[in-house]
Amino acid sequence: VLARRIIRYRNKLGGFSDPEQLAEVYGISDSLLQMLEGRLQADTALVVHISLNKAGEKELASHPYIGKYRAEGILRLRNQVSRIRSPDELAENGVLEKNELEKLRPYLVP
């Protein structure tokens with residue numbers, strides 16, 4: 001059951017960019033993470049990227065770190081500037097908080 005949850009969450013994210021993300025999977029305890037510490041690594045080359053200039057609302061909203069509200073904000077910004085040149089523009093324009101952007105950065109491309 002736990003392995004299935006990990007795989008399902010990994011697929012929703014588009015891959016793990018940091019082993020610490022396992023803590024976000026329902027059912028993973030702190031003690032399990034401590035046992036696995038140092039044994040896990042994330043292959044960031046396998047992360048699926050989301051294009052800020054091409055992705056639709058549904059694709060954006062389906063990412064666990066974005067959701068419907070933030071997806072709408074990204075689309076509003078995209079309509080205002082016509083092209084998002086960098087993920088940093090999301091924080092600069094109040095679409096995301098800086099800590100949210102850092103969490104999302106591995107998944108975003110202009």
Side-chain angles (χ1 to χ4, degrees):
V1 172
L2 195 52
R4 194 174 354 197
R5 287 182 191 154
I6 292 169
I7 291 168
R8 190 175 318 130
Y9 192 64
R10 180 195 65 193
N11 292 340
K12 281 185 177 184
L13 279 174
F16 290 112
S17 64
D18 186 320
E20 299 285 320
Q21 289 174 300
L22 277 178
E24 300 166 14
V25 176
Y26 177 77
I28 301 265
S29 64
D30 290 339
S31 59
L32 177 58
L33 284 175
Q34 287 176 347
M35 281 186 354
L36 297 173
E37 190 174 357
R39 298 181 190 179
L40 302 173
Q41 59 183 355
D43 187 351
T44 56
L46 299 175
V47 168
V48 177
H49 295 105
I50 300 170
S51 171
L52 291 171
N53 291 300
K54 295 179 183 171
E57 183 177 357
K58 187 175 180 180
E59 181 182 354
L60 290 165
S62 68
H63 194 280
Y65 295 166
I66 298 176
K68 182 175 174 33
Y69 176 76
R70 289 183 193 94
E72 290 171 352
I74 292 168
L75 293 178
R76 273 194 306 275
L77 175 63
R78 189 165 75 192
N79 288 334
Q80 289 173 356
V81 298
S82 77
R83 177 162 171 70
I84 298 172
R85 290 182 206 64
S86 164
D88 293 321
E89 290 182 51
L90 300 176
E92 292 165 4
N93 290 284
V95 176
L96 295 174
E97 298 292 327
K98 287 193 185 250
N99 63 330
E100 295 170 326
L101 174 61
E102 291 313 311
K103 198 172 174 181
L104 254 171
R105 188 177 298 280
Y107 301 98
L108 301 177
V109 293

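Here, residue 1 is the first one in the sequence, and each next residue gets the next number.
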Nearest 0.5 angstrom please: Lys103 NZ to Leu96 CG, how far?
11.5 Å
Might you point out which heavy atoms bring Ala71 and Ala61 nearest each other, and give the distance in Å?
CB-N, 3.7 Å
Determine, using the 4.5 Å side-chain heavy-atom cutoff (strictly less than), whether Leu108 and Val81 are members of one ILVMFWY cluster.
yes
For the pair Ile66 and Ile50, evaluate side-chain contact (heavy atoms from CB on, under 4.5 Å) and give the outcome as yes or no after the intermediate values.
CA-CA 11 Å; Ile66 298 176; Ile50 300 170; 4.3 Å; yes
Does any N or O in the side chain of Arg78 come within less than 3.5 Å of the main-chain N or O of Leu52, such that one atom is a donor and the other an acceptor?
yes
Salt bridge Glu102-Lys98, side-chain N to carboxylate O under 4.0 Å:
no
Leu13 side chain near His63 side chain, heavy-atom distance below 4.5 Å:
yes
Would the distance check show the side chain of Tyr65 and the main-chain N or O of Arg105 forming a donor-acceptor pair, the cut-off being under 3.5 Å?
no
Please say yes or no: joined through hydrophobic side-chain contacts below 4.5 Å, possibly via intermediate residues, are Met35 and Leu22 part of one cluster?
yes
Mind checking the CZ-CD1 spacing from Arg5 to Ile28? Nearest 0.5 Å is all I need.
9.0 Å
For atom CG of Asn99, is the number of surrounding heavy atoms from other residues, nucleotides or ligands below 6.0 Å larger than 12?
yes
What class does the angle between the rings of Tyr9 and Phe16 fall in, given that below 30° is parallel, 30 to 60° is tilted and above 60° is perpendicular?
tilted
Could you give the distance from CD1 (Ile74) to CG (Asn79), rounded to the nearest 0.5 Å?
12.0 Å
Do the side chains of Val109 and Val47 join up, straight or via other hydrophobic residues, at under 4.5 Å, putting them in one cluster?
no
Glu20 backbone acceptor or donor facing Asp18 side chain under 3.5 Å:
yes
Gap separating the CG atom of Asn93 from the CD1 atom of Ile84, nearest 0.5 angstrom
8.5 Å
Mind checking the CG-OG spacing from Leu60 to Ser51? Nearest 0.5 Å is all I need.
9.0 Å
Can Ile6 be reached from Leu46 by stepping across I, L, V, M, F, W or Y side chains whose heavy atoms are under 4.5 Å apart?
no
Taking all non-hydrogen atoms of both residues, which atom of His49 and which atom of Pro106 are closest, and how far apart?
CD2-O, 3.2 Å
Atom of Ala23, atom of Leu33 and distance for their closest heavy-atom approach
CB-CD1, 3.3 Å
Separation between CD (Gln80) and CD (Glu89), nearest 0.5 Å, reads 11.0 Å
